[in-house]
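Read the structure below first, then the notes.
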Amino acid sequence: SGEMAVSLVLLLVAAVSGLDNGLVRVPWMGFSTWEVFRATTPAQNAQHSLSDTLIRETADAMVSGGFAAAGYTIVWVDDAWASRNRSPAGALVPDPARWPDGLKPVIDYVHSKGLKFGLYGDIGTATCAGFPGLQRPDGDFSRDAQQLADWGVDAFKVDGCNADVSTMDVSYPALGRALNATGRPMIYSCSWPDYERSTSLFVNFTKIRESCNSWRIFWDVQAGQYAHTQPQRFDCVAGYLEFAASGSTEQAAQFSANCPGDWRNGQHPAPVDLNAMRLAAGPGGFNDADMLPIGVNYTMSGADVVPVKAFTPTQARSAFALWVALASPLMIGADIRSMDADSRSVWLNHGLIAAHQDPLGKQGIRLRGNATAPQVWRRELAQNDLLVVVFNPDTSDSATAASAPVWSGPHPHTYTDAQCPNVGNHPGLTVDECKSLCQSMLGCDAFNFGDGCALRACPAPQLGNPTGVTSGDTSYCMTSVPPPPAPPPPVFVTVTWQELALPSGVTKASVIDLINDVPLGTLDGGVTVKLTAGESAALRVTPLPASHTAVD
C-alpha cells in the first residue's frame, strides 16, 4: 500500500542518515550522578556528593560489581560539576571544591578502568541548576567542544534550560558539528525534542537523528521527589508508556500529580508524529526515556541524606523490561556503591541485556492495553526473534495517596538526636506538609515542628515520648499505619503467535522467560502468563519452522 511504501522509505532514510560519528550502534548503557547526588557539595556531605571521590569509587564499583562487564560503560557526570563562572579567557572551569586536581585526572582514572566518561552541558545561557551554559554571543561552540575533547570526554549530554526553544533546530546541530570537528568520538545526547514537544513546536525527528546519538523526548523520571508511595513512584514510568504508545500527553496526564510534567496548569502539548518517532530509533540514535531509579535507597537534599525506596522489586523488574522493549538507553540512577543485591540482579539480567543490545536496534510498539488494562509490547530482534513484554498495570494506588497514617501530636516537647536520629531538615513547611513528607520517606515516623520540620526515625519504644526541651517547638509521631488494601487478583494474559505476526505458516515457537531465566520450551499457537498487579513477563520468542518437532 502507499502507507507501507512511505514507512519503508522513512525507515531506509533513518538507517543511513544518523549522526556521522560511528557511535551508538545499539543503545548505550551507563550511570548518572543526578538522581541521587544532584548538586550536593563535598562541604555539605563528603560521602554523598558529586565529587572526584564519588566518580572514582563509582568506577571501581562498576568494575567490581559486574556492571562494566555487562555493558554499563559510561560514568556520566550530570549538572553542577562546573564553577559558577567561566575563566577570564572564557573557558569552562571545573569546581575546585569537587575536583581539587581538575577533571582530567578523574577522567583518566575512569579510562584506566576501561570505562568512558560522560559530562553535562546546556545549550542555553545557563544549566538547569544555574551553572554556565554553552550559549555565547557569537554562537561559536568550537572552543567548548575542543576543551571537552582535550579533557578526554567520551559522551556529552546537553540540556535545554534557559534557551530559546525556537532556535534549537539550529543550535543543537551546530554543537554536534563542533563536537565532530574535534576529531574525538563523543556520544551526543540531546534534549532538543523534549523542549520542542513541551512547547507544541513541530518535532523533526529526521533532523534530530541526523544531529544526535540519543534524545530525550519526555519528562524526567523521579525517584520520589513528588510521590509518597511506591505505586505512585512508578507513575513516571506509567506515564511514559502512554506517551510512547500514542505520541500524546493526553493519557499520560492522569499521572501528573505524582510525576509533574509540562501539562501543569491544564496545558497539553500537541502530540508528536508517533510513526516518525519510532522510525527515528535505530543504530546510531535512540529515543531516550531517561534514567531509571532502580536501586535508589536515598536521595540528597543539600547536606541531608533523604531515605527513599524508589521501586518495589516487582516495579523494578517491570520498568527494566519495558525500557528494554522501548530500546531506550539504560542509565543507572542509583548509588552503585551501596546497591542492594535484588536491584543489582535487575540491572545485570543477561537475557534482557542481550535483547537490549540487539543489533537491529528497533524500538518496540504496544500491540494492546493501556494504563488500566494489561499491555503487550513487541520488539523485533535479529534473526526473526521477538522480545515480548506483557505488563499488568497496578491500578490499586497509582493516582491516589495510600491510606494515611494516624498521627499523634502536637506534643509539647521534641525528640533529641540521641533518642531519634534526624533524617532531614525542611524549613518553611506546614504541619500537613511535614506529615506528607515524612510519610514519603523510608524510615521516617516522627518530626519536630518549629520553622518547618526536622524529620526523625524513631525506635518503636520512643514514639510518642519526646523528651527534648525546645522552647516553642512541638513534635508529632505516627501511632499507626493502616494496612494497605488487598491487592487485586492476578490476571492471565494470552498472547497468540498470530497477534505477534510471526511468519506465515509458523505455529510453534521456542520461548524463554527472561526475567526468571527459565526456558518455557516449544509452545504451540501462543503463550499464557499469570501476572500480579504491577508485574511483567519478558519473553524471548523464536519462531520455529513448520517441520520442527518439539523435544521438551
Side-chain angles (χ1 to χ4, degrees), residues 33-51 79-80 84 95 97-98 126-131 161 220 222-229 232-233 257-260 264 293 296-310 335 401 404-459 462-479:
T33 60
W34 182 252
E35 185 59 30
V36 171
F37 303 100
R38 299 190 175 252
T40 295
T41 66
Q44 291 173 311
N45 191 307
Q47 178 64 18
H48 303 291
S49 56
L50 176 58
S51 67
D79 204 350
R84 289 289 179 182
D95 183 350
R98 301 182 188 277
T127 71
C128 297
F131 295 87
C161 288
D220 292 347
Q222 303 282 353
Q225 284 79 5
Y226 303 97
H228 294 163
T229 68
Q232 290 174 351
R233 292 184 188 121
N258 302 317
C259 191
R264 285 170 289 193
V296 167
N297 52 24
Y298 74 93
T299 59
M300 295 305 298
S301 178
D304 296 330
V305 177
V306 181
V308 58
K309 183 70 172 176
D335 187 346
V406 177
W407 287 89
S408 171
H411 299 288
H413 299 92
T414 56
Y415 293 99
T416 64
D417 289 345
Q419 189 180 23
C420 298
N422 186 305
V423 292
N425 296 308
H426 300 272
L429 301 184
T430 66
V431 168
D432 286 342
E433 289 170 337
C434 291
K435 290 178 179 178
S436 181
L437 184 61
C438 184
Q439 182 187 343
S440 74
M441 294 182 181
L442 193 67
C444 181
D445 47 26
F447 61 89
N448 295 339
F449 183 78
D451 177 19
C453 46
L455 303 181
R456 302 283 172 167
C458 293
Q462 302 294 344
L463 284 176
N465 297 298
T467 59
V469 180
T470 305
S471 177
D473 286 359
T474 57
S475 61
Y476 294 79
C477 68
M478 294 185 196
T479 58

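Positions are given from 1 along the sequence. Just so you know, these numbers use all the heavy atoms, side chains as well, and skip hydrogens, waters and symmetry mates.
Summarising the geometry, atom OH belonging to Tyr415 is positioned 8.0 Å from atom CG belonging to Asn448; distances are rounded to the nearest 0.5 Å. We find the CG-OH distance between Asp304 and Tyr298 to be 13.0 Å, quoted to the nearest 0.5 Å. Summarising the geometry, atom CH2 belonging to Trp34 is positioned 12.5 Å from atom CE belonging to Met300; distances are rounded to the nearest 0.5 Å. Rounding to the nearest 0.5 Å places CG of Asn45 at 11.5 Å from OG of Ser301. Rounding to the nearest 0.5 Å places CG of Leu429 at 13.5 Å from NZ of Lys435. We find the CG-CZ distance between Asp95 and Arg84 to be 9.0 Å, quoted to the nearest 0.5 Å.
The SG atoms of Cys458 and Cys420 lie less than 2.5 Å from each other.
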Can you list the steps and then say if Thr467 with His413 is a side-chain contact (heavy atoms from CB on, under 4.5 Å)?
CA-CA 6 Å; Thr467 59; His413 299 92; over 6 Å; no
Given side-chain contact (heavy atoms from CB on, under 4.5 Å), test Val406 with Met478 step by step and report yes or no.
CA-CA 6 Å; Val406 177; Met478 294 185 196; over 6 Å; no
Please walk me through it: do Cys438 and Cys444 pass disulfide bond (SG atoms under 2.5 Å apart)?
CA-CA 5 Å; Cys438 184; Cys444 181; 2.1 Å; yes
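Not counting sequence neighbours, the partners of Ala457 by the side-chain contact (heavy atoms from CB on, under 4.5 Å) test are Val423. The side-chain contact (heavy atoms from CB on, under 4.5 Å) test applied to Pro421 returns no partner, not counting sequence neighbours. Residues passing the ring pair (Phe, Tyr, Trp, His ring centres under 6.0 Å) test with His411, sequence neighbours excluded: none. When the side-chain contact (heavy atoms from CB on, under 4.5 Å) test is applied to Val296, the partners found at least two apart in sequence or on another chain are Val36, Ala223, Pro293, Thr299, Val308, Ala310, Ala334. Partners of Asp79 according to the salt bridge (Lys or Arg N to Asp or Glu O under 4.0 Å) rule, which considers only residues two or more places apart in sequence or in another chain, do not exist here. Asn422 meets the side-chain contact (heavy atoms from CB on, under 4.5 Å) test with Asp417, Asn425, Ala454, Arg456; sequence neighbours excluded.
Listed for the Thr33 side chain is no donor-acceptor partner under 3.5 Å among the backbone atoms of Phe37. Of the possible polar contacts, none joining the Ser51 side chain to the Pro42 backbone as a donor-acceptor pair under 3.5 Å is found.
Glu433 and Thr430 get closest at one heavy-atom pair: OE1-N, 2.8 Å. Across all their heavy atoms, Cys161 and Thr127 have their closest contact at CB-C, 4.2 Å.
Classification of the Phe447-Tyr476 ring pair by plane angle, with boundaries at 30° and 60°, yields parallel.
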